[in-house]
Amino acid sequence: MTTRARVRDGDPDAFGELFDECARAVYNHAFRLTGNWSTAEEAVALTFLEAWRLRGKVDLEGGPLRPWLLGIATNMVRNFTRASRRYSAAVSRIPPPEAIPDFADELAGRLDDTEQVRFALSLVNKLRRNEREIFALCVWSGLDNIEAAEALGIPVGTVKSRLSRARAKLRKLVEESGEPDVARGQSIDNRESAARPDGVRQS
Amino acid sequence: MNSDLDRLLAAPPERDLPNGRHRLFREQLMREIRTEKRSVRTRVAISAAIAGTTAVLVGGAFVATQTIGAAPSKSSTAVDAQFRAGSASSLLLQMAAYSEKLPSTQSAHNGQWVYVKSESRDATQPPAPGSVSRTATLGRRPRQRSMGPRPARSGRSATCSSGKSGCQSTRIRRSVH
């Protein structure tokens, strides 16, 4: 029995495995959309509760369920107040995080990351919401166009056009901002682009 | 050119959930799932009990109606004996098992009229387990046809519009919380 079939049937163990596999991706995706780690934590809890509620809509055919979860997380962040209200009872049962301070270097790293994402978000937030979500899914979370279309329930052509528009606007915004730290900060990491060609799935 | 832009606005390295939060959220999810599964089972059992009780009441009333005024025959005595012997409880169990197999999409909302249809083929024979009544929960009130009799509005039970002998329907108001 496939993971999709087990999730659709409401197998609790399948949801446990799905959580172990995708919680990190959901956490980081939510952070990229909100710029706030605490909100991202709450979004993780809400996303999986919502996934449990929507399990009946999972197609039996298809690949990994990560795009589906990222789509739910995107909607969750979009309607955070409504989602928090729906699961207020469940969320209230989650104890608050322990008040143990982070290690200094980890804290500094977090601040750097937060600053970096804040700058990126300041530009990305100038996009329309649907363009912003596509950019976060395709560029930041590394979904291809097909997976992003599945995540948001829209046609692949719409994903392509929105992503193209988002990139054009961002290119213009980056040129206007003239922020040297952006280029410097990214060149230190020397990371490859997160964007992947269509149809190439992550191994 | 796109890759240059993506590099400029690349996301920071991914992070894990803070210490203990992964386990905490996972346990929370499992707890919510277990709670919901339990409540679903309870709802199914309640609806099955309602359906079963109604079927027993309707069946009993039907048998009483058929046998009233007539001398107690051997078969009617057997029916009574079987009812007294606790066949109602076994019938309830069968109803519960049947209801669990039903799709849950036709759930009734609060205050909705739910029709429970029971059908007895032969009133003179004792109701064999599993075949004495067929109970179906209908999500909506069926559309009335001009040729069929309307179910009584104030009565507890009414003859089924199909006109079959021994077919009765009872409506009950169901509260779902």
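This one's a predicted model, so the numbers in the text were calculated from it and none came from an experiment. In what follows, every chain begins at residue 1, and chains take the letters A, B, ... in the order their sequences are listed. Below, all heavy atoms of this structure are taken into account, side chains as well, without hydrogens, waters or symmetry copies.
A distance of 11.5 Å separates CZ of B:Arg23 from CZ of A:Phe19, quoted to the nearest 0.5 Å. Here A:Phe48 contributes atom CZ and B:Glu32 contributes atom CD; the two are 14.5 Å apart, rounded to the nearest 0.5 Å. Taken from CZ in A:Phe15 to CG in B:Leu29, the straight-line distance is 7.5 Å, to the nearest 0.5 Å. Rounding to the nearest 0.5 angstrom, the gap separating the CZ atom in A:Arg24 from the NE2 atom in B:His22 is 11.0 Å. The distance from atom CD1 of B:Ile33 to atom CG of A:Asp11, rounded to the nearest 0.5 Å, is 9.0 Å.
Contact check for B:Arg21 versus A:Tyr27: no side-chain heavy atoms found under the 4.5 Å cut-off.
Under the salt bridge (Lys or Arg N to Asp or Glu O under 4.0 Å) criterion, A:Asp20 pairs with B:Arg26, sequence neighbours left out.
No more than 12 heavy atoms of other residues, nucleotides or ligands shown are found within 6.0 angstrom of CZ on A:Arg128.
Nearest approach of A:Glu41 to B:Phe25, heavy atoms of both residues: O-CE1, 3.5 Å.
For A:Arg55, the part lying under 4.5 angstrom from a heavy atom of chain B is the side chain only. Neither the backbone nor the side chain of B:Glu27 comes within contact range of chain A; no heavy atoms are under 4.5 Å apart.
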